[in-house]
2 protein chains.
Amino acid sequence: MAARSLHFPIIIIIIASTTIIFTPPALASQPLNHLSSKRAPRFLSKHSYPIKTQLQEQQQYRYESKYFYQQLDHFSFLNLPKFPQRYLINTDHWAGPERRGPIFLYCGNEGDIEWFAVNTGFVWEIAPLFGAMVLFPEHRYYGESMPYGSREEAYKNASTLSYLTAEQALADFAVLITDLKRNLSAQACPVVLFGGSYGGMLAAWMRLKYPHVAIGALASSAPILQFEDIVPPETFYNIVSNDFKRESTSCFNTIKESWDALLSEGLKKNGLVQLTKTFHLCRELKSTEDLANWLDSAYSYLAMVDYPYPSSFMMPLPGYPIGEVCKRIDGCPDGTSILERIFEGISIYYNYTGELHCFELDDDPHGLDGWNWQACTEMVMPMSSSHNASMFPTYDFNYSSYQEGCWEEFGVIPRPRWITTEFGGQDIKTALETFGSNIIFSNGLLDPWSGGRYAAAIYGLQL
Amino acid sequence: MAARSLHFPIIIIIIASTTIIFTPPALASQPLNHLSSKRAPRFLSKHSYPIKTQLQEQQQYRYESKYFYQQLDHFSFLNLPKFPQRYLINTDHWAGPERRGPIFLYCGNEGDIEWFAVNTGFVWEIAPLFGAMVLFPEHRYYGESMPYGSREEAYKNASTLSYLTAEQALADFAVLITDLKRNLSAQACPVVLFGGSYGGMLAAWMRLKYPHVAIGALASSAPILQFEDIVPPETFYNIVSNDFKRESTSCFNTIKESWDALLSEGLKKNGLVQLTKTFHLCRELKSTEDLANWLDSAYSYLAMVDYPYPSSFMMPLPGYPIGEVCKRIDGCPDGTSILERIFEGISIYYNYTGELHCFELDDDPHGLDGWNWQACTEMVMPMSSSHNASMFPTYDFNYSSYQEGCWEEFGVIPRPRWITTEFGGQDIKTALETFGSNIIFSNGLLDPWSGGRYAAAIYGLQL
């Protein structure tokens, strides 16, 4: 199994022209028995939800876009070009420096910052109550915050990408907010951090590393313990699987059986043509694994956004979308094949609005999106799929092949122990209890990333 | 005034073959009115105290020297060569992992680690009482811990020097101790940090940044607030001056008047020849400023090591050496000139053993010692000399010329606000009180660096 496909994006969005496109997780840990070629991350541009539509829909959030020139390497004095970091700012409700109006800072994560801004209603809703300024700084190497002048140059090779790290992003936030406060004579105004997913990890780490900059953090769905030797590697897929099982055991079983069905169909004469038809693909399927990846991605993302109300963060979806998927899978007339049932179910995720008549499984030809780089350097989150509890094919994480894949893809060697050395891992309980005050870790237990949450490791995870 | 001479080394030692040589502070802030040429840091090899002698004298401290290969840049993924970090280790009294024997870690600062090891008796003395392991990791770019294979290569230019930063050094310590604990199955053994001067700053910062790695720190003489807009820039020289004044007002006055005497002597015909004789210099003096630097250095270092007992950390000295200097200056027979008095006094510092018959004021031809680089990048500590309270010539710190000098000397632009952004400064009180537990800041109030200490800024400095 190629290591590259083990890079599990927390949430990835990539900008291509004016459309925002999502990469669902590559089929991280499921070699389909004999199907085990290298897979590039896929970009489902045609199935994504354009950010422009979202922005138009959610015009209630007003902000200005500004730019701040940052050091490319805060921790060395190499003579490197500065880059413009974009940040969104709203001061409509700010009580100002004299009344020590707080500053709510959302730690931008791996995507266009506007996408996070329009999807983080909580910050906008509470800001007026606190007389708070709202600030959304963008994460370096995402959205418009590109070193070396353009995304193409920034993503050219391992050298240009080498400054895409969490520590550098935190330093960006610290430098920006310190400068901004000085310019506004707002040094006395407290900063409160917010963040979700990888952004939640950044918020928690920022409070730990820069306690003089921020007085507290709300870290949502932040899997800060999803690293080597802390959380069992099968946790993520076990939670996804359990989310389906709790809706319906037969739904869980159908999905679990579908991988073999997929594999044998693909091996038949004209099998790929048949699969292309069954799944209404726009182009003829080249390999069964591509289709398996596409399905895996949908299940994993559905578990991340299994909200009780309709939402459109990833895709336009109904409330409790996993329940809807299972209703479709279970509700097909007798005699419906497993793969037809799967198609019916998955359509909830990829085509809830019913607008699409066929589906694209496009691959990214370069495989150079930002999260894949981060997963191949610092963010090594081991993922396995267990034999019994998981509805995905069994897979054991293998670090050697992971490292090999990263070397092939980027020419970089991961440092799997660095994040826990820098931010704490095994020992974080003591540090957080005696040191890391004012951090709220909030998690939805249906979210598969909740397995890597702080509380889970301490009180034992109930699946 | 050239900026270079404003780089005030906290303590600098440089290795040249088998001899350890000290750089006293360049005459940081005293342009001698019209005398204002560029001055390179000077290496007083002939007046230094060879480390070998110290090591032979202090054989009671036993340790093994080991090496650990470190990332050159912990915060980027550039493909750079690793370098060997030296560390000294003693496990004679360690209670071991089962009994959770603690690990006492001295944060190596800007010099050969053996020099600090043999001069940090406290750690050695208390280790047996606690069943502690003793660990002295060396700071990168000092002693034997050289990137790029040699001191010459490491100090070649701004690019090779660019990874000489405090953050990288802290990461070195964190990676080393984490790896060492894993190899010794000693993950549960608590780490306590020690450090003096810049090493004390590192110890305090390490506890703040890596609370999961170390449970506490003893930060001695650590001027963590000696940065822009926190401590008044004249504080350092005011304390040095006060140390002399408390011994004797006439001594203080003689030194204060001596700069003008020096200047007018130097301007006379054959003045430099006369000064060469008065100060028993081995070679003919080239500029009055060189001599002034040499004197300034002695006063400043005397204030740093004005211990009540005989010591040999910087030079072999009697107890209360400033008192001895002032006795000599004040005790000369009537009719002794100011400069002759100064020479008598300064000889306590440069020639207490009486072995020297003449003095060298050698300059470093390259001006590339490590602390000067650090002062020109992160460690920008503004220093002025006030008109009344200081016995040194009046000088106002000027950042523009400081920056200019750094550009001339190293081709680097300082980041004077970075350290306080990264580690806290103005806001450190809140962070330390609500966050940074278990840090002891110990200071001798005669030490001029005590002006930049934590408590001083909060409770008001009494001079």
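Labels below follow one simple rule: chain letters A, B, ... track the order of the sequence lines, proteins then strands, and each chain is numbered from 1. Note that this is a predicted model, so its numbers are computed, not measured.
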Part of [X] lying under 4.5 Å from any heavy atom of chain B:
X	answer
Thr420(A)	backbone
Thr165(A)	side chain
Thr178(A)	side chain
Val175(A)	both

With rounding to the nearest 0.5 Å, note down the distance linking [atom1] in [X] to [atom2] in [Y].
X	Y	atom1	atom2	result
Thr160(B)	Leu78(A)	OG1	CG	9.5 Å
Phe77(A)	Ile413(B)	CZ	CD1	10.5 Å
Lys181(B)	Gln426(A)	NZ	CD	11.0 Å
Asp73(A)	Phe75(B)	CG	CZ	9.0 Å
His74(B)	Glu167(A)	NE2	CD	11.0 Å

Is it the case that atom OH in Tyr67(B) sees more than 12 heavy atoms from other parts of the structure closer than 6.0 Å?
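Check passes, neighbour count above 12.
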Both conditions, 6.0 Å and 45 degrees, for the charged tip of Lys209(A) above the ring of Tyr210(B): are they met here?
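That pair qualifies as a cation-pi contact.
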Of the listed residues (Arg182(A), Glu378(A), Gln187(A), Arg415(A)), which shares the most heavy-atom pairs with chain B below a 4.5 Å separation?
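Among Arg182(A), Glu378(A), Gln187(A), Arg415(A), the one with the most close pairs to chain B is Arg415(A).
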Tell me whether His212(A) contacts the main-chain N or O of Leu432(B) through its side chain, where contact means a donor paired with an acceptor under 3.5 Å.
no
